[in-house]
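Below is one structure, written out as structure tokens, with a few remarks after it.
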Amino acid sequence: MRIFDLTKTTLGSKWWKFDFHTHTPESNDYGQGDESFKSIQPEEWLQKAMESGLDCVVVTDHNSGGWIDGLKAKNKELRDRDTKPGWYRELIIFPGVEITVANSSSRVHLLAVFDPSYDSQKVTGVLGACGIISEYGDPNKSTTTGFVDTVKKIINIEAGGIAISAHIDGKQGLLEGIASLSLELEKSLKAVSAAEFCDLHKFDNAEPTLKKAVDRLAKVAGSDAHKPDDIGRYFSWLKMSRPSIEGLRLALLDHEFCVKNQSENPNHLPDIFLSKLTIKAMRHCGRISGQPFVTQLHSHFNSVIGGRGTGKSTLLESIRIVSRRDQNLATEAPRVKDELDKFMKLSQNKGVMLNDTEILLELHRRGKNYQLRWRFDGQGTVLEEEVNSVWQEIETGDLKERFPISIFSQKQINELASNPRGLLEIVDRSPEVDRAEWKSRWESAKSQFLQLRELRRELLRQLASEQQIRAKLGDVENDLKQYEEKGHGEILKQYQKRSQQKNGLPDDQIFDDLSSGIRELASNAELSDFPAYLFDEQDDTTTEIRAIHEQTVQELKKVSETLGKLADSVDALKAQREKNISSSTWRQAVQTSIAAYDGLVKEYEEKKSQLSISLYGEWVQQRNQLQQQLKKLDSVRKETESTDKQIEASLAKLEELRAELLEKRRGFLKKVIGASSFVRMELVKYGDVSTLEDDYRSLLNLEDGKFVSSVCDRENKQGLLWAFSKWEDAKTPEADLPQLISEVKARTLDIARGRVSGNHGAFDNRLKRLLETQPAIFDQLEVWWPEDMLRVKYSKNPSSGKFEDLEKGSAGQKAAAILAFLLSHGNEPLIVDQPEDDLDNALIYDLIVKQIHENKNRRQLIIVTHNPNIVVNGDSELVHVLKYENGQVQIDQQGGLEESSIRESICTIMEGGRQAFDKRYKRITLEV
């Protein structure tokens, strides 16, 4: 899990690690009997606090603030040092004090926490106002003059601090030994908004009224450290932008979402989130000289607010464009796609884009920073990666896969409500379904099926010639039989046999070639004359080299003579071979077969018979060829049988894949919708018949408007597809759909084969011609099934458990159902434009706000809204306030909810003003 650095993230809320209860040597009981601890110095104390990983620490000595100034001074000194110690980390000190408060029958301890700007003197002043003017640092010798409610007013109202009940369930705690709620205790509990618990679950099974009073308190942890090593032993996580008393007060008031008591750091980053959007030179945004529109984005929940026409939707559409999510709209929401095209269109100065418009979107993905850059001038989107603080262009790849982002405007949500196919595409893009991967396997299996079908047709074409081949073979065998019955077969067989033997023996040419070759070698076996003109007779070496040459000439002459004798031997071998063959019994047998054959030829010539002796050889050859063809057809027949089995298995595989897709979709819907009280989503196998006729006509190349009575005539209730009209009218059971589809396919093929009639001659003839000329079309028909149908139902009254078809719902009910689905799944950034449109406030809180809290812990949310409940009750980490000034969309301010300027903007801008915050009035006004 990736954790973000609090010191580097400046905008919006984060989680800060707090220890609410620590002591210093200013407390008399510091060291708990070990006096050596009282000599500890401020730097040592701060070191222990920093080593414990705290972000904020509340210094709460008994009835004293004496050590606060020294700790703050040393903390500032450490922060300002050029070279800091290795254990240093930024630490914010909240001045405080643990006050001994008089109660009706006992003394209890109350923690007072003040803004980090407070000093020791102000803390002492608060103590004086409470009646403590001496015995500072002693928890027992001094006490307040007023009860808890009085002290709380002094702390909260007069001093601007926060009163927290110390170790409420422990010694000298407000609930020490308490089992039931008295009126005085109820009054004291109402005086505080938070309490330090020793056991967070102490009152989980308490008496109901006591439990209710305790549950309204923010539960925080403090170490009650009386020794340095105990600092940070117990702690809580609180959410705010920057630690301040207002931020702390806001977090404690909204403790359900802003206080965590856990050891793990909740500051985790989603795998992917958008970090910054920059718009340059758009007609109404980013055209101020030297000042492009730039907004930093929080990794969790961002609210974008502003008055009407301040450009809130511009941010959403800009993100959609630069991330290329506009490409999904063509199928999901065609009308929204048309509007986006108009938004981008540059025509007669009406469009928002200019030639030099540029949009940049920075993203963080699995520890790396990327940037998408889009230009209107046609360059499209470029992907860059940050390497050593420099953007470097890299391969874009599939942006939708690498950087998944979901973007929905209210119009898009409304269109999805009436377009179940668009919703199904969203389901299919989920990792659980991953239709892209499934489709790859589907196309592979489909391709295999179509190839096998084509192979089968080719095999059948080969088998179709079998009857003709067998007829020819019968004729040839009959001719041979008649010929051989006349007694000439054996002569011809012997003649054929001896002729083949004679022709098969090597001829004499090999001997002639060898002999002539050897003689040619012999003729070339000589050296040229000695080149005497190159040598000096007076040179002693000339005699030597001449002798070598002459010796070689003589030796080479001997070689030539030897070769000549070898050639003579070859000639003698040839003559001996001829003599031996001529005197052999084999030669006599050959001569006998030739004589018999010549006599047979003469006989047929004299008889002038129509039966030519030369046909025998042809008949034999034909018989052999025909027999080979039949033998080959046997293997073709076996291959056909094997191919039929493969086709059957391939078709079954396709059906399995469709069933797998259906189950994946159902599993996903069950996971994300489950037992939702707002919406139900069911899948009907092959149930989307809305485009059935169009698909059927497209597959068979049937023109629109033709063959109506044969295809689908709704008026006269006839045609192959008429049965599906009854399904749409809910007159056909869902379970019958697969059988209906199979019947349509089978009847279509039967018509094409002429087995049945389609009640229309022209239609029948069209299918027959198709089967003859384009049989592969019927293969495509066999592997075609309608899409599954997503049936969406909604509940008018979520508590009733009753659901109706979404088509019958109002605009608000449709939007609620779709939003319940969109907000129920996914980890990718989710951007929604004004989801509250058409919804009443009850739905906004029960549906959107609750889902926001569930979503933002795992993903980034960017919600454009004009409803305060979404911003405030959704506990937005970062609020972006937009304004339209001087013809340009601009950032007015950005910050967390605890910042007064942000709260004021919310109250001023959002619909209903301050009256809209009935549920969270205290949170906005910071009244206690």
Side-chain angles (χ1 to χ4, degrees), residues 387-388 390 392-395 491-602 605 612-625 627-629 631-632 635:
V387 180
N388 298 324
V390 176
Q392 296 182 3
E393 184 174 343
I394 60 174
E395 287 293 330
I491 294 174
L492 291 171
K493 287 180 182 178
Q494 285 297 320
Y495 175 75
Q496 185 181 35
K497 172 183 173 183
R498 297 307 182 185
S499 296
Q500 288 175 346
Q501 291 174 350
K502 179 182 177 183
N503 294 332
L505 288 174
D507 58 21
D508 294 339
Q509 188 63 42
I510 185 173
F511 298 98
D512 295 339
D513 292 343
L514 181 58
S515 175
S516 63
I518 293 172
R519 285 188 168 87
E520 184 177 356
L521 284 174
S523 65
N524 293 326
E526 61 180 14
L527 292 180
S528 59
D529 294 338
F530 181 76
Y533 66 92
L534 296 175
F535 291 85
D536 185 357
E537 292 296 337
Q538 304 302 318
D539 188 343
D540 294 339
T541 62
T542 299
T543 302
E544 179 187 19
I545 196 63
R546 183 190 297 274
I548 292 171
H549 175 77
E550 290 177 353
Q551 181 183 358
T552 303
V553 168
Q554 293 301 318
E555 292 297 329
L556 195 57
K557 184 177 181 181
K558 293 178 182 180
V559 170
S560 177
E561 292 172 353
T562 301
L563 288 172
K565 293 177 181 178
L566 184 60
D568 292 340
S569 297
V570 173
D571 292 340
L573 182 60
K574 172 187 173 185
Q576 183 62 43
R577 176 177 179 271
E578 290 176 349
K579 179 180 179 182
N580 291 340
I581 289 176
S582 297
S583 61
S584 68
T585 56
W586 173 82
R587 179 64 175 266
Q588 294 175 7
V590 171
Q591 294 298 329
T592 301
S593 69
I594 291 174
Y597 177 76
D598 289 342
L600 191 62
V601 171
K602 184 176 181 181
E605 288 177 348
S612 173
I613 188 95
S614 63
L615 285 177
Y616 183 82
E618 295 177 13
W619 291 338
V620 172
Q621 185 177 7
Q622 286 180 22
R623 182 181 62 184
N624 292 340
Q625 291 175 346
Q627 288 174 341
Q628 286 298 319
Q629 289 177 24
K631 187 176 181 181
K632 182 178 179 182
S635 66

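Here the straight-line distance linking atom CG of L563 with atom CG of D568 works out to 11.0 Å at 0.5 Å rounding. Remark: L527 CG to H549 NE2 distance equals 5.5 Å, nearest 0.5 Å. T543 contributes atom OG1, which lies 9.5 Å from atom CD of Q538 (distance to the nearest 0.5 angstrom). Remark: Q625 CD to Q627 CD distance equals 11.0 Å, nearest 0.5 Å. In this structure, the separation between CZ on F530 and OG1 on T552 is 11.0 Å, given to the nearest 0.5 Å. For the atom pair Q629 CD and K632 NZ, the distance stands at 8.5 Å (nearest 0.5 Å).
In terms of the side chain to side chain donor-acceptor pair (under 3.5 Å) criterion, residue partners of Q576 (sequence neighbours excluded) are, by chain and number, N580. With sequence neighbours excluded, no residue forms a side chain to side chain donor-acceptor pair (under 3.5 Å) with N524. For N624, there are no side chain to side chain donor-acceptor pair (under 3.5 Å) partners two or more places apart in sequence or in a different chain. Listed by chain and residue number, D508 satisfy the side chain to side chain donor-acceptor pair (under 3.5 Å) test with R577 (two or more places apart in sequence, or in another chain).
In summary, of the residues considered (S516, S523, S515), a side-chain hydrogen bond (donor to acceptor under 3.5 Å, both in side chains) with R519 occurs for S515 alone.
For the pair S560 (side chain) and L556 (backbone), a donor-acceptor distance under 3.5 Å is absent.
Listed by first then second residue, pairs satisfying salt bridge (Lys or Arg N to Asp or Glu O under 4.0 Å) with a partner in residues 528-540 read E537-R546, not counting sequence neighbours. The list of side chain to side chain donor-acceptor pair (under 3.5 Å) pairs with a residue in residues 582-593, not counting sequence neighbours, reads Q501-W586.
Taking a 6.0 Å sphere around CD1 of I510, one finds it holds 12 or fewer heavy atoms contributed by other residues, nucleotides or ligands. Other residues, nucleotides and ligands contribute only 12 or fewer heavy atoms inside 6.0 Å of the CD atom of E544.
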### I548 and I545: CA distance, side-chain angles, deciding distance, side-chain contact (heavy atoms from CB on, under 4.5 Å) verdict
CA-CA 5 Å; I548 292 171; I545 196 63; 4.2 Å; yes
### Criterion side-chain contact (heavy atoms from CB on, under 4.5 Å) on D571 and K574, from CA distance to verdict
CA-CA 5 Å; D571 292 340; K574 172 187 173 185; 5.7 Å; no
